[in-house]
Amino acid sequence: MGQFSDFQSAIFRALNAEPLLTAIVGSRIFDDTPHEAETAATALPRVTLGDQSGSEAGSDSHDASEISITL
């Protein structure tokens, strides 16, 4: 579980730090789907981090995971 929250946090921070993206969507980058009615804060365009999945991808000598996320 920790790997998913760490990964999601890192992606969220990276997206918010990208000036070309924030020039388009402003502060409308969400780490979960907004459930409130469409307002100026949740209007399109926006970026929302969606479903995540993961699996073990290591070997006998290295620990690794493969994590996918939908934007």
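Every heavy atom of this structure was used, including side-chain atoms; hydrogens, water molecules and symmetry mates were not.
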The reported gap from CD in Glu18 to CZ in Arg13 (rounded to nearest 0.5 angstrom) is 15.5 Å

Hey, does Asp51 have a side-chain heavy atom less than 4.5 Å from the side chain of Ile69? no

Using only atom types and a distance under 3.5 Å, with no angle test, would you say the side chain of Gln52 pairs donor to acceptor with the backbone of Ile67? no

Partners of Thr48 by side chain to side chain contact (heavy atoms under 4.5 Å, CB included), sequence neighbours excluded? Phe30, Thr33, Pro34, Arg46

Contacts of Pro45 meeting side chain to side chain contact (heavy atoms under 4.5 Å, CB included) (sequence neighbours excluded), chain-then-number -> Ile24, Val25, Arg28

May I ask you to decide if Asp6's main-chain N or O and Ser9's side chain share a donor-acceptor pair within less than 3.5 Å? no

Shortest non-hydrogen contact from Asn16 to Thr22? O-CG2, 3.6 Å

For Leu71 and Leu49, run side-chain contact (heavy atoms from CB on, under 4.5 Å): C-alpha distance rounded to whole Å, both residues' side-chain angles, the deciding distance at 0.1 Å, then the answer. CA-CA 5 Å; Leu71 296 177; Leu49 281 69; 3.9 Å; yes

